[in-house]
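Reviewing the structure listed below.
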Amino acid sequence: MDATLYEVRSAAAARVRLALVENTNFTKSADGSYSNSTAKTLITEANNVLAAQYCEHTNDGMTGLGEEATNTLNSHKSNIAITKREVLNQSKTEAAQASTADITVAPQITTNSDAQDEAGIQNTARLAAIGTKDGVAAALTEIVGEHITNPVLKTADGNHNKIVDDWTVHQLFEAIRGGAQRPSATSIREQYNAVTGTTFNWKNTVAVNMDKLKVEIANITGFGVKVNDDIKAVILLANVEWAAQQPWGLEIGVAQREINTTYSHDHNHDATSIKNILKMLAKADEARDRMKAQAPTEFAQAVHHLRGLTQGTYEDSDASESGYAAYESEEETTRRGRNRSTYRKPRTRSPSPSMSRSPTPPPAGRSSSRYRKRHEPKAFNATNCKHCKKYGGNGYAHDSPKNISHDDCFFNKKHKGWRPRPVCKMMDIAYMPGESFQKDE
């Protein structure tokens, strides 16, 4: 064996250890503890270092060392070397397998010198993989501490190091994950709410925003929480809806109409539909001037509604697209104003105060005659209106004080009168101004 082969393993170990230690920003508390996200970041950085190592037979460097499943890289043994005889036999075997009854394939390696060279190449690659494994172990131990890695790298009594063949890089990764602080259920829910409430920066393309969303989803997946494709679609479409309503979102609005034409509001989205939606939005990104866009300052309404459901409360707003809380439009307000007289009687003050009423001091702060109501969450569709249920209305108008009957529900297709704009949008019908109904009357 060439003398230089003995240096391959140690050189690879030193190179990998240095790369991982210098390129890792690992933060620990005073007692040596670290968070789950910090552990995930460290493992990602370790895989990046592995990917940067040369391996002739793979396209992703030596990341195979960190995989749980057995592969060529993580199955190399440190005490086994390839000999020239094994190379010659392997070459003959491969030639025999490639030969047919009519064609005989000659072995590629037939001489001892060629076999020795090939054996040296294979042994170099094997020792480089073993050395890389050593370097990862040394770096991770230095970063997280021996109390995390010793259960993997040392024998049960803790007095002796295991040989490199008795442990895997994947086991080290699992030990680092297991040594992280256990997150609370509240923090996991907060992270989930943050993911579902993701708002896009429309100065970037939709593809870039979706890539960032995937990173956030991957982070929360580590806590056992899955964000399925239907939720991803809601996040995407809610942000598209917000952008389409902005002065700079004309092209986004065109894409939104195409999306609405292709998919109904109750479509169960999957990876295929999301891919098609992204294709539609990619055309809009090509056409629009992204520099005119502004990042949203508040959540799109559908995302806001989704966050309210995940938090256990739902706060309705005048602009909410999820229902018709007020049942009042600009047209109704205008009509009411036209029916009132514009004349106002001048106010006169009595020349002398009435002796029958005792003077009272001015109220301090808010008038006692005005009652400050406590805002409490209402039950969603408490009256179980089938029309509201069909289109996602909140049903507040059927409860007190309005007490509108189910037959008069704006979501009822048999309703012939005016409907609020949000209701028309949810029913996917054209909005008709109030004046048009006045003319018909």
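Position 1 is the first residue of the sequence; numbering continues from there.
Looking only at distances, no side-chain donor or acceptor of Arg17 sits under 3.5 Å from a matching main-chain atom of Ala138. Using modelled atom types, no side-chain atom of Asn412 and backbone atom of Asp408 make a donor-acceptor pair closer than 3.5 Å. Asp229 contributes a side-chain N or O that, together with a main-chain N or O of Ala271, makes up a donor-acceptor pair within less than 3.5 Å. When atom types are taken as modelled, the side chain of Asn239 and the backbone of Leu236 share no donor-acceptor pair closer than 3.5 angstrom. Under the 3.5 Å distance criterion, the side-chain polar atoms of Thr196 are matched with a main-chain donor or acceptor of Tyr192. Formation of a donor-acceptor pair under 3.5 Å by the Ser91 side chain with backbone atoms of Val87 is not found in this model. In terms of modelled atom types and a separation under 3.5 Å, the side chain of Glu216 and the main chain of Lys212 share no donor-acceptor contact. When atom types are taken as modelled, the side chain of Lys28 and the backbone of Ile143 share a donor-acceptor pair closer than 3.5 angstrom. No side-chain donor-acceptor contact under 3.5 Å links Thr141 to the backbone of Gly145. In this structure a side-chain-to-backbone donor-acceptor pair under 3.5 Å is missing from Gln246 to Ala243.
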Lys402/Asp399 under salt bridge (charged side-chain N to carboxylate O under 4.0 Å, His left out): CA gap, chis, key distance, verdict: CA-CA 6 Å; Lys402 293 183 179 292; Asp399 204 352; over 6 Å; no
Hey, mind stepping through Ser184 and Thr186 against side-chain hydrogen bond (donor to acceptor under 3.5 Å, both in side chains) and telling me if it holds? CA-CA 5 Å; Ser184 66; Thr186 301; 4.8 Å; no
For the pair Glu241 and Gln245, evaluate side-chain hydrogen bond (donor to acceptor under 3.5 Å, both in side chains) and give the outcome as yes or no after the intermediate values. CA-CA 7 Å; Glu241 181 179 283; Gln245 297 172 358; 4.5 Å; no
Checking Gln53 against Arg15 for the side-chain contact (heavy atoms from CB on, under 4.5 Å) test, could you report, in this order, the C-alpha distance in whole Å, the side-chain angles of both residues, the deciding distance, and whether it holds? CA-CA 10 Å; Gln53 307 308 306; Arg15 180 177 65 253; 3.3 Å; yes
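Annotation for Lys162: atom NZ counts as buried by contact number, over 12 foreign heavy atoms lying within 6.0 Å. More than 12 heavy atoms of other residues, nucleotides or ligands sit less than 6.0 Å from atom CD1 of Ile163. Within a 6.0 Å sphere centred on CG of Asn159, other residues, nucleotides and ligands contribute more than 12 heavy atoms. Taking a 6.0 Å sphere around NZ of Lys92, one finds it holds 12 or fewer heavy atoms contributed by other residues, nucleotides or ligands. Applying the 6.0 Å contact sphere to CD of Glu86 captures more than 12 heavy atoms from other residues, nucleotides or ligands. No more than 12 heavy atoms of other residues, nucleotides or ligands lie within 6.0 Å of CD in Glu146, so this atom counts as exposed by the packing criterion. For CG of Asn59, the number of neighbouring non-hydrogen atoms (other residues, nucleotides, ligands) closer than 6.0 Å is 12 at most.
Rounded to the nearest 0.5 Å, atoms CD1 (Ile252) and NZ (Lys283) are 13.5 Å apart. To the nearest 0.5 angstrom, Met427 atom CE is 9.5 Å from His387 atom NE2. Atoms CG and OG1, on Asn74 and Thr63 in that order, are 10.5 Å from each other to the nearest 0.5 Å. Rounding to the nearest 0.5 angstrom, the gap separating the CG atom in Asn89 from the NZ atom in Lys84 is 12.5 Å. Residue Gln256 holds its CD atom at 12.0 Å from CE of Met280, rounded to the nearest 0.5 Å. Atom CG of residue Asn201 and atom CG of residue Asn209 lie 6.0 Å apart, to the nearest 0.5 angstrom.
A salt bridge links Asp134 and Arg9; the closest N-O separation between the charged side-chain nitrogens and carboxylate oxygens is under 4.0 Å. A salt bridge links Glu174 with Arg177: at least one charged nitrogen is closer than 4.0 Å to a carboxylate oxygen. Salt bridge annotation for Lys425-Asp428: absent, with no cationic side-chain nitrogen under 4.0 angstrom from a carboxylate oxygen.
Thr24 and Leu42 make their closest contact through CG2-CD1, 3.5 Å (heavy atoms, listed as atom of the first residue, atom of the second, distance).
Identified under the ring-ring contact (aromatic ring centres under 6.0 Å, His included) test for residues 133-191, with sequence neighbours left out: none. Pairs of residues two or more places apart, or lying in two chains, never qualify as salt bridge (Lys or Arg N to Asp or Glu O under 4.0 Å) while including a residue from residues 379-390.
His267 and His269 have perpendicular rings, their planes meeting at more than 60° on a 0 to 90° scale where under 30° would count as parallel. Below 30°, between 30° and 60°, or above 60°: for Phe411 and Tyr391 the angle between ring planes is below 30°, a parallel geometry.
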